[in-house]
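Right, one structure below, let's go through it.
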Protein chains: 2
Amino acid sequence: MAETKPQMKDAYEMILEAIDVGVYRPGDRLVESELAVRFGVSRTPIREALQRLETQSLLTRDGRSLIVASLDHNQLAELYAVRAELEGLAARLAARHAAPEEIRVLNDLIEEDRALLGDPAALSRANRRFHKQIHLASHNRFLVQQLDLVHRSMALLATTSLAVEGRDEDALAEHERIVTAIAAGDGDAAHAALKEHISKAFETRLKHDAAAVEASA
Amino acid sequence: MAETKPQMKDAYEMILEAIDVGVYRPGDRLVESELAVRFGVSRTPIREALQRLETQSLLTRDGRSLIVASLDHNQLAELYAVRAELEGLAARLAARHAAPEEIRVLNDLIEEDRALLGDPAALSRANRRFHKQIHLASHNRFLVQQLDLVHRSMALLATTSLAVEGRDEDALAEHERIVTAIAAGDGDAAHAALKEHISKAFETRLKHDAAAVEASA
DNA sequence: CCGGTTAGGATACCGTGGCATACCCTAGAC
DNA sequence: GTCTAGGGTATGCCACGGTATCCTAACCGG
(Lines give C-alpha, C1' and ligand atoms only; values in the text may rest on other atoms or scores of the structure.)
Protein backbone atom coordinates (compact mmCIF):
# COMPACT_ATOMS: atom_id res chain seq x y z
CA MET A 1 0.00 0.00 0.00
CA ALA A 2 1.83 3.07 -1.23
CA GLU A 3 1.54 6.26 0.77
CA THR A 4 0.05 9.27 -0.92
CA LYS A 5 3.01 11.45 -0.05
CA PRO A 6 3.90 14.31 -2.39
CA GLN A 7 6.92 12.33 -3.53
CA MET A 8 8.27 8.88 -2.87
CA LYS A 9 11.89 10.02 -2.96
CA ASP A 10 14.10 10.66 0.02
CA ALA A 11 14.29 13.90 1.93
CA TYR A 12 17.27 15.18 -0.01
CA GLU A 13 15.55 14.88 -3.37
CA MET A 14 12.37 16.39 -2.05
CA ILE A 15 14.03 19.48 -0.59
CA LEU A 16 16.13 19.91 -3.71
CA GLU A 17 13.05 19.79 -5.88
CA ALA A 18 11.27 22.23 -3.59
CA ILE A 19 14.10 24.70 -4.09
CA ASP A 20 14.22 24.03 -7.81
CA VAL A 21 10.49 24.54 -8.27
CA GLY A 22 10.62 27.69 -6.19
CA VAL A 23 8.73 26.64 -3.09
CA TYR A 24 11.75 27.86 -1.20
CA ARG A 25 13.53 30.89 -2.62
CA PRO A 26 16.95 32.34 -1.95
CA GLY A 27 17.00 33.97 1.45
CA ASP A 28 14.24 31.78 2.86
CA ARG A 29 15.00 30.15 6.15
CA LEU A 30 14.67 26.39 6.41
CA VAL A 31 13.60 25.02 9.79
CA GLU A 32 14.05 21.32 10.47
CA SER A 33 10.79 20.75 12.27
CA GLU A 34 8.87 22.67 9.62
CA LEU A 35 10.30 20.56 6.79
CA ALA A 36 9.69 17.44 8.84
CA VAL A 37 5.95 18.02 9.07
CA ARG A 38 5.75 19.22 5.46
CA PHE A 39 7.28 16.04 4.11
CA GLY A 40 5.82 13.74 6.71
CA VAL A 41 9.10 12.35 8.00
CA SER A 42 11.12 12.75 11.15
CA ARG A 43 13.74 15.40 11.67
CA THR A 44 16.70 13.06 11.30
CA PRO A 45 16.49 12.50 7.53
CA ILE A 46 15.76 16.20 7.13
CA ARG A 47 18.92 17.00 9.04
CA GLU A 48 20.98 14.73 6.85
CA ALA A 49 19.52 16.26 3.72
CA LEU A 50 20.17 19.80 4.93
CA GLN A 51 23.79 18.98 5.67
CA ARG A 52 24.29 17.54 2.23
CA LEU A 53 22.75 20.63 0.67
CA GLU A 54 24.96 22.80 2.81
CA THR A 55 28.11 21.06 1.62
CA GLN A 56 26.99 21.81 -1.92
CA SER A 57 26.58 25.49 -1.04
CA LEU A 58 22.90 25.47 -1.85
CA LEU A 59 22.29 26.40 1.76
CA THR A 60 24.36 28.72 3.90
CA ARG A 61 24.53 29.20 7.62
CA ASP A 62 23.35 32.49 9.02
CA GLY A 63 24.12 32.10 12.68
CA ARG A 64 22.64 28.76 13.60
CA SER A 65 19.89 28.79 11.03
CA LEU A 66 20.09 27.54 7.47
CA ILE A 67 18.91 29.76 4.66
CA VAL A 68 18.67 29.12 0.95
CA ALA A 69 21.79 30.59 -0.63
CA SER A 70 21.43 33.56 -2.92
CA LEU A 71 23.81 34.53 -5.67
CA ASP A 72 24.93 38.11 -5.90
CA HIS A 73 26.30 39.56 -9.11
CA ASN A 74 29.87 38.54 -8.38
CA GLN A 75 28.95 34.98 -7.53
CA LEU A 76 26.89 34.75 -10.69
CA ALA A 77 29.90 35.74 -12.74
CA GLU A 78 32.09 33.28 -10.87
CA LEU A 79 29.61 30.48 -11.41
CA TYR A 80 29.40 31.13 -15.14
CA ALA A 81 33.19 31.31 -15.42
CA VAL A 82 33.57 27.86 -13.94
CA ARG A 83 30.65 26.54 -15.91
CA ALA A 84 32.04 27.77 -19.22
CA GLU A 85 35.35 26.07 -18.56
CA LEU A 86 33.85 22.74 -17.50
CA GLU A 87 31.22 22.64 -20.23
CA GLY A 88 33.94 23.51 -22.73
CA LEU A 89 36.02 20.62 -21.51
CA ALA A 90 33.02 18.33 -21.73
CA ALA A 91 32.47 19.33 -25.34
CA ARG A 92 36.11 18.75 -26.20
CA LEU A 93 36.07 15.30 -24.62
CA ALA A 94 32.72 14.47 -26.16
CA ALA A 95 34.13 15.24 -29.60
CA ARG A 96 36.87 12.75 -28.88
CA HIS A 97 34.95 10.00 -27.11
CA ALA A 98 31.30 10.13 -28.07
CA ALA A 99 29.86 6.96 -29.54
CA PRO A 100 27.80 7.26 -32.73
CA GLU A 101 24.69 6.36 -30.75
CA GLU A 102 25.31 9.25 -28.37
CA ILE A 103 25.61 11.66 -31.27
CA ARG A 104 22.32 10.43 -32.66
CA VAL A 105 20.70 11.05 -29.28
CA LEU A 106 22.09 14.59 -29.32
CA ASN A 107 20.55 15.17 -32.74
CA ASP A 108 17.24 13.84 -31.48
CA LEU A 109 17.38 16.27 -28.56
CA ILE A 110 17.90 19.13 -30.98
CA GLU A 111 14.77 18.07 -32.88
CA GLU A 112 12.99 18.12 -29.56
CA ASP A 113 14.28 21.63 -28.94
CA ARG A 114 12.95 22.75 -32.30
CA ALA A 115 9.50 21.37 -31.53
CA LEU A 116 9.37 23.20 -28.21
CA LEU A 117 10.26 26.71 -29.39
CA GLY A 118 8.15 29.22 -27.54
CA ASP A 119 7.58 27.07 -24.45
CA PRO A 120 10.28 28.27 -22.03
CA ALA A 121 9.52 25.80 -19.23
CA ALA A 122 9.62 22.76 -21.50
CA LEU A 123 12.64 24.16 -23.31
CA SER A 124 14.45 24.56 -20.04
CA ARG A 125 13.93 20.90 -19.22
CA ALA A 126 14.97 19.84 -22.71
CA ASN A 127 18.01 22.08 -22.39
CA ARG A 128 19.06 20.31 -19.21
CA ARG A 129 18.80 16.94 -20.91
CA PHE A 130 20.82 18.21 -23.85
CA HIS A 131 23.67 19.46 -21.72
CA LYS A 132 23.56 16.39 -19.51
CA GLN A 133 23.90 14.23 -22.58
CA ILE A 134 27.03 16.10 -23.61
CA HIS A 135 28.45 15.68 -20.13
CA LEU A 136 27.86 11.95 -20.33
CA ALA A 137 29.34 11.78 -23.81
CA SER A 138 32.61 13.10 -22.40
CA HIS A 139 32.95 9.72 -20.69
CA ASN A 140 34.53 11.41 -17.68
CA ARG A 141 32.76 10.60 -14.46
CA PHE A 142 34.45 13.31 -12.42
CA LEU A 143 33.49 15.91 -14.96
CA VAL A 144 29.89 14.73 -14.89
CA GLN A 145 29.91 15.01 -11.13
CA GLN A 146 31.39 18.49 -11.14
CA LEU A 147 28.93 19.68 -13.75
CA ASP A 148 26.07 18.25 -11.74
CA LEU A 149 27.17 20.46 -8.89
CA VAL A 150 27.30 23.50 -11.13
CA HIS A 151 23.85 22.86 -12.51
CA ARG A 152 22.47 22.30 -9.05
CA SER A 153 23.71 25.73 -8.04
CA MET A 154 21.89 27.16 -11.00
CA ALA A 155 18.64 26.00 -9.40
CA LEU A 156 19.08 29.09 -7.23
CA LEU A 157 18.45 31.26 -10.26
CA ALA A 158 14.74 31.77 -10.60
CA THR A 159 14.43 32.45 -14.31
CA THR A 160 15.71 30.60 -17.34
CA SER A 161 17.43 32.71 -19.92
CA LEU A 162 15.47 30.79 -22.55
CA ALA A 163 12.38 32.79 -21.63
CA VAL A 164 13.91 35.93 -23.12
CA GLU A 165 12.54 36.91 -26.52
CA GLY A 166 14.59 35.39 -29.30
CA ARG A 167 17.01 33.61 -27.00
CA ASP A 168 15.40 30.22 -27.66
CA GLU A 169 16.13 30.35 -31.38
CA ASP A 170 19.68 31.56 -30.86
CA ALA A 171 20.26 28.80 -28.33
CA LEU A 172 18.95 26.23 -30.80
CA ALA A 173 21.36 27.42 -33.47
CA GLU A 174 24.21 27.27 -30.95
CA HIS A 175 23.20 23.74 -29.98
CA GLU A 176 23.33 22.73 -33.60
CA ARG A 177 26.83 24.12 -34.02
CA ILE A 178 27.97 22.27 -30.91
CA VAL A 179 26.63 18.92 -32.05
CA THR A 180 28.00 19.41 -35.54
CA ALA A 181 31.47 19.96 -34.12
CA ILE A 182 31.18 16.97 -31.79
CA ALA A 183 29.94 14.76 -34.64
CA ALA A 184 32.90 15.88 -36.74
CA GLY A 185 35.24 14.96 -33.90
CA ASP A 186 36.55 18.53 -33.87
CA GLY A 187 37.39 19.08 -30.21
CA ASP A 188 38.59 22.66 -30.58
CA ALA A 189 35.46 23.71 -32.45
CA ALA A 190 33.19 21.96 -29.95
CA HIS A 191 35.06 23.59 -27.09
CA ALA A 192 34.75 27.04 -28.65
CA ALA A 193 31.10 26.56 -29.58
CA LEU A 194 30.07 25.51 -26.10
CA LYS A 195 32.03 28.24 -24.37
CA GLU A 196 30.40 30.74 -26.69
CA HIS A 197 27.00 29.22 -25.92
CA ILE A 198 27.49 29.64 -22.17
CA SER A 199 28.84 33.12 -22.69
CA LYS A 200 25.74 34.11 -24.65
CA ALA A 201 23.46 32.64 -22.01
CA PHE A 202 25.28 34.62 -19.35
CA GLU A 203 25.06 37.79 -21.41
CA THR A 204 21.34 37.29 -21.91
CA ARG A 205 20.84 36.82 -18.20
CA LEU A 206 22.75 39.98 -17.39
CA LYS A 207 20.73 42.03 -19.87
CA HIS A 208 17.50 40.60 -18.55
CA ASP A 209 18.44 41.26 -14.94
CA ALA A 210 19.41 44.81 -15.79
CA ALA A 211 16.07 45.30 -17.51
CA ALA A 212 14.29 43.95 -14.44
CA VAL A 213 16.09 46.48 -12.24
CA GLU A 214 15.07 49.21 -14.68
CA ALA A 215 11.43 48.12 -14.57
CA SER A 216 11.28 48.03 -10.79
CA ALA A 217 12.75 51.53 -10.48
CA MET B 1 37.40 20.75 30.72
CA ALA B 2 38.35 19.53 27.27
CA GLU B 3 38.04 15.85 26.46
CA THR B 4 41.16 13.97 25.49
CA LYS B 5 39.60 12.67 22.28
CA PRO B 6 41.89 11.97 19.33
CA GLN B 7 40.60 15.13 17.67
CA MET B 8 38.28 17.91 18.69
CA LYS B 9 36.78 18.21 15.19
CA ASP B 10 33.48 16.83 14.03
CA ALA B 11 32.92 13.35 12.70
CA TYR B 12 33.26 14.43 9.09
CA GLU B 13 36.72 15.89 9.57
CA MET B 14 37.84 12.91 11.60
CA ILE B 15 36.78 10.33 9.04
CA LEU B 16 38.25 12.39 6.23
CA GLU B 17 41.56 12.59 8.02
CA ALA B 18 41.47 8.87 8.74
CA ILE B 19 41.12 8.20 5.03
CA ASP B 20 43.78 10.77 4.18
CA VAL B 21 46.28 9.34 6.64
CA GLY B 22 45.57 5.84 5.43
CA VAL B 23 43.80 4.33 8.41
CA TYR B 24 41.10 3.40 5.97
CA ARG B 25 42.22 2.47 2.48
CA PRO B 26 40.33 2.16 -0.79
CA GLY B 27 38.14 -0.92 -0.69
CA ASP B 28 37.80 -0.96 3.08
CA ARG B 29 34.30 -1.21 4.37
CA LEU B 30 33.10 1.43 6.81
CA VAL B 31 30.60 0.30 9.42
CA GLU B 32 28.67 2.95 11.30
CA SER B 33 28.79 1.35 14.72
CA GLU B 34 32.47 0.61 14.34
CA LEU B 35 33.30 4.24 13.56
CA ALA B 36 31.02 5.33 16.37
CA VAL B 37 33.03 3.51 19.02
CA ARG B 38 36.35 4.44 17.42
CA PHE B 39 35.61 8.16 17.56
CA GLY B 40 33.60 8.03 20.74
CA VAL B 41 30.39 9.51 19.36
CA SER B 42 26.97 8.21 18.54
CA ARG B 43 25.96 6.75 15.20
CA THR B 44 23.97 9.74 14.04
CA PRO B 45 26.87 12.16 13.44
CA ILE B 46 28.78 9.28 11.86
CA ARG B 47 25.88 8.67 9.54
CA GLU B 48 25.73 12.30 8.51
CA ALA B 49 29.45 12.36 7.87
CA LEU B 50 29.28 9.19 5.77
CA GLN B 51 26.50 10.64 3.65
CA ARG B 52 28.49 13.80 3.02
CA LEU B 53 31.51 11.74 2.03
CA GLU B 54 29.32 9.67 -0.25
CA THR B 55 28.02 12.74 -2.08
CA GLN B 56 31.64 13.67 -2.70
CA SER B 57 32.32 10.23 -4.15
CA LEU B 58 34.91 9.42 -1.53
CA LEU B 59 32.70 6.54 -0.48
CA THR B 60 30.65 4.30 -2.72
CA ARG B 61 27.78 2.00 -2.01
CA ASP B 62 28.32 -1.69 -2.47
CA GLY B 63 24.92 -3.12 -1.77
CA ARG B 64 23.88 -1.41 1.42
CA SER B 65 27.35 -1.02 2.86
CA LEU B 66 29.73 1.86 2.30
CA ILE B 67 33.26 1.25 1.14
CA VAL B 68 36.12 3.65 0.55
CA ALA B 69 36.18 4.45 -3.14
CA SER B 70 39.12 3.29 -5.19
CA LEU B 71 40.36 4.84 -8.40
CA ASP B 72 41.12 2.58 -11.31
CA HIS B 73 43.38 3.68 -14.14
CA ASN B 74 40.56 5.28 -16.11
CA GLN B 75 39.23 7.22 -13.18
CA LEU B 76 42.70 8.45 -12.39
CA ALA B 77 43.03 9.84 -15.91
CA GLU B 78 39.58 11.41 -15.68
CA LEU B 79 40.43 13.03 -12.36
CA TYR B 80 43.65 14.52 -13.70
CA ALA B 81 41.90 15.79 -16.83
CA VAL B 82 39.40 17.75 -14.76
CA ARG B 83 42.06 18.87 -12.35
CA ALA B 84 44.29 20.22 -15.11
CA GLU B 85 41.45 22.25 -16.54
CA LEU B 86 40.33 23.71 -13.22
CA GLU B 87 43.82 24.45 -11.96
CA GLY B 88 44.60 26.04 -15.29
CA LEU B 89 41.57 28.27 -14.95
CA ALA B 90 42.61 29.16 -11.41
CA ALA B 91 46.06 30.20 -12.63
CA ARG B 92 44.57 32.33 -15.39
CA LEU B 93 42.23 34.07 -12.99
CA ALA B 94 44.95 34.46 -10.39
CA ALA B 95 47.12 36.24 -12.94
CA ARG B 96 44.26 38.65 -13.49
CA HIS B 97 43.01 39.14 -9.93
CA ALA B 98 45.77 38.35 -7.44
CA ALA B 99 46.63 41.13 -5.01
CA PRO B 100 50.33 41.97 -4.53
CA GLU B 101 50.16 40.52 -1.03
CA GLU B 102 48.93 37.23 -2.40
CA ILE B 103 51.80 37.07 -4.84
CA ARG B 104 54.26 37.69 -2.01
CA VAL B 105 52.70 34.82 -0.10
CA LEU B 106 53.13 32.58 -3.13
CA ASN B 107 56.82 33.51 -3.30
CA ASP B 108 57.17 32.73 0.40
CA LEU B 109 55.63 29.33 -0.19
CA ILE B 110 58.17 28.64 -2.90
CA GLU B 111 60.97 29.47 -0.46
CA GLU B 112 59.37 27.01 1.90
CA ASP B 113 59.34 24.41 -0.87
CA ARG B 114 63.04 24.95 -1.46
CA ALA B 115 63.84 24.43 2.22
CA LEU B 116 61.92 21.16 2.30
CA LEU B 117 63.53 19.43 -0.70
CA GLY B 118 64.04 15.77 0.12
CA ASP B 119 61.23 15.54 2.68
CA PRO B 120 58.29 14.18 0.66
CA ALA B 121 55.73 14.26 3.47
CA ALA B 122 56.43 17.88 4.38
CA LEU B 123 56.68 18.81 0.71
CA SER B 124 53.30 17.31 0.08
CA ARG B 125 51.74 19.47 2.75
CA ALA B 126 53.53 22.57 1.48
CA ASN B 127 52.40 21.68 -2.02
CA ARG B 128 48.80 21.64 -0.90
CA ARG B 129 49.15 25.05 0.65
CA PHE B 130 50.75 26.37 -2.51
CA HIS B 131 47.99 25.20 -4.78
CA LYS B 132 45.32 26.28 -2.33
CA GLN B 133 46.81 29.76 -2.32
CA ILE B 134 46.56 29.93 -6.10
CA HIS B 135 42.95 28.79 -5.92
CA LEU B 136 42.19 31.56 -3.46
CA ALA B 137 44.06 34.12 -5.56
CA SER B 138 41.63 33.40 -8.39
CA HIS B 139 38.99 35.14 -6.28
CA ASN B 140 36.38 32.72 -7.54
CA ARG B 141 34.54 30.99 -4.72
CA PHE B 142 32.96 28.33 -6.92
CA LEU B 143 36.29 27.43 -8.39
CA VAL B 144 37.79 27.12 -4.93
CA GLN B 145 34.96 24.83 -3.95
CA GLN B 146 35.31 22.65 -7.03
CA LEU B 147 39.04 22.36 -6.58
CA ASP B 148 38.56 21.42 -2.94
CA LEU B 149 36.48 18.51 -4.18
CA VAL B 150 39.15 17.46 -6.64
CA HIS B 151 41.87 17.58 -4.03
CA ARG B 152 39.74 15.65 -1.59
CA SER B 153 39.40 12.87 -4.16
CA MET B 154 43.15 12.79 -4.42
CA ALA B 155 43.25 11.70 -0.78
CA LEU B 156 42.32 8.30 -2.18
CA LEU B 157 45.74 8.09 -3.81
CA ALA B 158 48.16 6.64 -1.33
CA THR B 159 51.42 8.09 -2.54
CA THR B 160 52.49 11.60 -3.43
CA SER B 161 54.28 11.97 -6.72
CA LEU B 162 56.74 14.25 -4.93
CA ALA B 163 58.35 11.18 -3.35
CA VAL B 164 59.72 10.11 -6.73
CA GLU B 165 63.42 10.78 -7.23
CA GLY B 166 63.99 14.19 -8.81
CA ARG B 167 60.32 15.07 -9.00
CA ASP B 168 60.58 17.50 -6.10
CA GLU B 169 63.12 19.69 -7.87
CA ASP B 170 61.20 19.64 -11.13
CA ALA B 171 58.03 20.56 -9.30
CA LEU B 172 59.80 23.44 -7.59
CA ALA B 173 60.98 24.80 -10.93
CA GLU B 174 57.46 24.48 -12.28
CA HIS B 175 56.06 26.31 -9.26
CA GLU B 176 58.49 29.12 -9.92
CA ARG B 177 57.38 29.45 -13.52
CA ILE B 178 53.75 29.54 -12.44
CA VAL B 179 54.26 32.29 -9.89
CA THR B 180 56.40 34.29 -12.28
CA ALA B 181 53.61 34.22 -14.84
CA ILE B 182 50.98 35.15 -12.26
CA ALA B 183 53.12 37.98 -10.93
CA ALA B 184 53.54 39.28 -14.48
CA GLY B 185 49.79 39.18 -14.95
CA ASP B 186 50.23 36.86 -17.92
CA GLY B 187 47.11 34.71 -17.78
CA ASP B 188 47.93 32.58 -20.80
CA ALA B 189 51.39 31.75 -19.52
CA ALA B 190 50.12 30.96 -16.04
CA HIS B 191 47.43 28.74 -17.52
CA ALA B 192 49.92 26.86 -19.66
CA ALA B 193 52.46 26.53 -16.86
CA LEU B 194 49.96 25.09 -14.42
CA LYS B 195 48.47 22.69 -16.93
CA GLU B 196 51.94 21.50 -17.74
CA HIS B 197 52.68 21.12 -14.04
CA ILE B 198 49.63 18.91 -13.51
CA SER B 199 50.45 16.96 -16.63
CA LYS B 200 53.97 16.26 -15.36
CA ALA B 201 52.66 15.17 -11.99
CA PHE B 202 50.26 12.77 -13.69
CA GLU B 203 53.02 11.42 -15.89
CA THR B 204 55.23 10.85 -12.88
CA ARG B 205 52.47 8.99 -11.12
CA LEU B 206 51.85 6.76 -14.10
CA LYS B 207 55.52 5.88 -14.41
CA HIS B 208 55.76 5.17 -10.70
CA ASP B 209 52.66 3.00 -10.71
CA ALA B 210 53.96 1.06 -13.70
CA ALA B 211 57.25 0.51 -11.88
CA ALA B 212 55.36 -0.74 -8.83
CA VAL B 213 53.51 -3.27 -10.97
CA GLU B 214 56.83 -4.38 -12.42
CA ALA B 215 58.33 -4.84 -8.96
CA SER B 216 55.41 -6.88 -7.67
CA ALA B 217 55.51 -9.22 -10.67
C1' DC C 1 13.49 60.93 28.42
C1' DC C 2 16.35 58.05 25.57
C1' DG C 3 19.92 54.75 24.63
C1' DG C 4 22.75 50.89 25.92
C1' DT C 5 23.48 46.77 28.51
C1' DT C 6 22.21 42.69 30.82
C1' DA C 7 19.42 39.00 32.30
C1' DG C 8 15.89 35.80 31.44
C1' DG C 9 12.95 33.03 28.61
C1' DA C 10 12.13 30.63 24.50
C1' DT C 11 13.40 28.34 20.36
C1' DA C 12 15.90 25.34 17.42
C1' DC C 13 19.71 22.53 16.78
C1' DC C 14 22.82 18.53 18.11
C1' DG C 15 23.62 14.19 20.01
C1' DT C 16 22.03 9.75 22.41
C1' DG C 17 19.49 5.55 22.66
C1' DG C 18 16.38 2.28 21.04
C1' DC C 19 13.31 -0.06 17.76
C1' DA C 20 11.78 -1.89 13.33
C1' DT C 21 13.13 -3.53 8.80
C1' DA C 22 15.57 -5.34 5.10
C1' DC C 23 19.29 -7.79 3.57
C1' DC C 24 22.92 -11.35 3.74
C1' DC C 25 24.88 -15.45 5.04
C1' DT C 26 24.68 -19.99 6.61
C1' DA C 27 22.98 -24.37 7.52
C1' DG C 28 19.94 -27.98 6.61
C1' DA C 29 16.87 -30.66 3.80
C1' DC C 30 15.36 -32.46 -0.54
C1' DG D 1 24.27 -29.82 -5.76
C1' DT D 2 20.60 -26.60 -5.25
C1' DC D 3 16.98 -24.37 -2.98
C1' DT D 4 14.86 -22.69 1.08
C1' DA D 5 14.30 -21.15 5.65
C1' DG D 6 16.02 -19.04 9.69
C1' DG D 7 18.99 -16.22 12.40
C1' DG D 8 22.10 -12.50 12.73
C1' DT D 9 23.63 -7.97 11.53
C1' DA D 10 23.72 -3.35 9.82
C1' DT D 11 21.01 0.34 8.41
C1' DG D 12 17.19 3.71 8.59
C1' DC D 13 13.96 6.00 11.37
C1' DC D 14 12.03 8.06 15.41
C1' DA D 15 11.34 10.37 20.02
C1' DC D 16 13.61 12.69 23.56
C1' DG D 17 16.78 15.46 26.43
C1' DG D 18 20.66 18.71 26.85
C1' DT D 19 22.59 22.94 25.33
C1' DA D 20 23.85 26.93 22.94
C1' DT D 21 22.09 30.84 20.82
C1' DC D 22 18.89 34.56 19.83
C1' DC D 23 15.36 37.76 21.04
C1' DT D 24 13.08 40.59 24.15
C1' DA D 25 12.25 43.30 27.87
C1' DA D 26 13.50 45.61 31.83
C1' DC D 27 16.78 48.26 34.30
C1' DC D 28 20.41 51.49 34.81
C1' DG D 29 23.12 55.39 33.40
C1' DG D 30 23.59 59.67 30.96
Side-chain angles (χ1 to χ4, degrees), chain A residues 1-19 23-70 152 156, chain B residues 1-19 23-70 145 148 152 156:
Chain A
M1 171 168 65
E3 293 283 342
T4 326
K5 298 287 170 54
Q7 291 102 343
M8 295 281 297
K9 317 168 192 179
D10 64 350
Y12 172 77
E13 295 286 343
M14 291 194 289
I15 297 174
L16 189 60
E17 186 168 334
I19 293 175
V23 177
Y24 296 109
R25 299 178 165 282
D28 286 357
R29 183 175 175 196
L30 296 184
V31 180
E32 283 183 11
S33 51
E34 186 183 312
L35 293 166
V37 298
R38 172 189 279 268
F39 295 120
V41 293
S42 180
R43 279 176 41 220
T44 305
I46 298 291
R47 266 197 61 175
E48 294 163 351
L50 292 179
Q51 289 201 2
R52 288 174 65 185
L53 291 167
E54 186 190 355
T55 61
Q56 296 174 5
S57 296
L58 283 168
L59 304 177
T60 56
R61 289 212 164 274
D62 175 40
R64 82 182 150 198
S65 61
L66 282 173
I67 61 174
V68 180
S70 56
R152 228 163 283 161
L156 297 172
Chain B
M1 172 165 66
E3 292 284 339
T4 326
K5 298 288 167 55
Q7 291 102 342
M8 295 282 296
K9 318 167 193 179
D10 64 349
Y12 173 76
E13 294 286 344
M14 292 194 288
I15 297 173
L16 189 60
E17 185 168 334
I19 293 174
V23 176
Y24 295 111
R25 299 178 165 282
D28 287 357
R29 183 176 175 197
L30 296 185
V31 180
E32 286 182 11
S33 50
E34 187 182 312
L35 293 165
V37 298
R38 170 189 280 269
F39 295 120
V41 293
S42 181
R43 273 179 44 224
T44 305
I46 298 291
R47 235 184 94 82
E48 293 163 352
L50 292 179
Q51 288 201 2
R52 288 173 64 185
L53 291 167
E54 186 190 355
T55 61
Q56 297 174 4
S57 295
L58 283 166
L59 305 177
T60 56
R61 289 209 166 275
D62 176 39
R64 83 183 148 195
S65 62
L66 283 173
I67 61 174
V68 180
S70 56
Q145 183 188 342
D148 274 349
R152 228 164 282 161
L156 297 171

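Every value quoted in this text rests on a predicted model; they were computed, and no experiment measured them. Below, all heavy atoms of this structure are taken into account, side chains as well, without hydrogens, waters or symmetry copies. Letters A, B, ... mirror the listed sequences (proteins, then strands); counts begin at 1.
- Per the geometry, CG belonging to D10(B) stands 11 Å off P belonging to dC14(C), to the nearest Å.
- One can place CD of E54(A) at 12 Å from P of dC13(C), the figure rounded to the nearest angstrom.
- Ranking dC13(C), dA15(D), dA10(D) by closeness to the V31(A) side chain, first place goes to dC13(C).
- Residues E48(A) and D62(A) both approach DNA chain D. Their nearest nucleotides, taken by heavy-atom distance, put E48(A) toward the 5′ side.
- The side chain of S42(B) places an N or O atom within less than 4.0 Å of a non-bridging phosphate oxygen (OP1 or OP2) of dT16(C).
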Under the criterion side chain to side chain contact (heavy atoms under 4.5 Å, CB included), I'd like the reasoning laid out for Y24(A) against L59(A): C-alpha separation, chi angles, the key distance, then a yes or no. CA-CA 11 Å; Y24(A) 296 109; L59(A) 304 177; over 6 Å; no
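- If you check the side chains of T55(B) and Q56(A), you find no donor sitting under 3.5 Å from an acceptor.
- Between atom CG of residue L50(A) and atom CG of residue L35(A) there is a gap of 6.0 Å, rounded to the nearest 0.5 Å.
- When each of dG12(D), dA15(D), dC14(C) is scored by its nearest atom to the side-chain atoms of R47(A), the top-ranked nucleotide is dC14(C).
- Look at CD on E32(B): it is 15 Å from C1' on dC23(C), rounded to the nearest Å.
- Atoms CD and CZ, on E34(A) and R29(A) in that order, are 9.0 Å from each other to the nearest 0.5 Å.
- Taking atom CD1 of residue I46(A) and atom P of nucleotide dA15(D), one finds them 13 Å apart after rounding to whole Å.
- Rounding to whole angstrom units, CD1 of residue I67(A) and P of dC22(D) are separated by 13 Å.
- Here dC13(C) presents its P atom at 12 Å from CG of L59(A), a figure rounded to the nearest Å.
- Between L35(A) atom CG and dC13(D) atom P the separation is 15 Å, expressed in whole Å.
- Residue contacts for L66(A): at a heavy-atom cut-off of 4.0 Å it reaches no nucleic acid atom on any strand shown.
- Within 3.5 Å, no donor on the side chain of R43(B) pairs with an acceptor on the base of dG15(C), nor the reverse.
- Atom CZ of R52(B) sits about 5.5 Å away from atom CD of Q51(A), to the nearest 0.5 Å.
- At whole-Å resolution of the value, CZ in R29(B) and P in dA10(D) are 7 Å apart.
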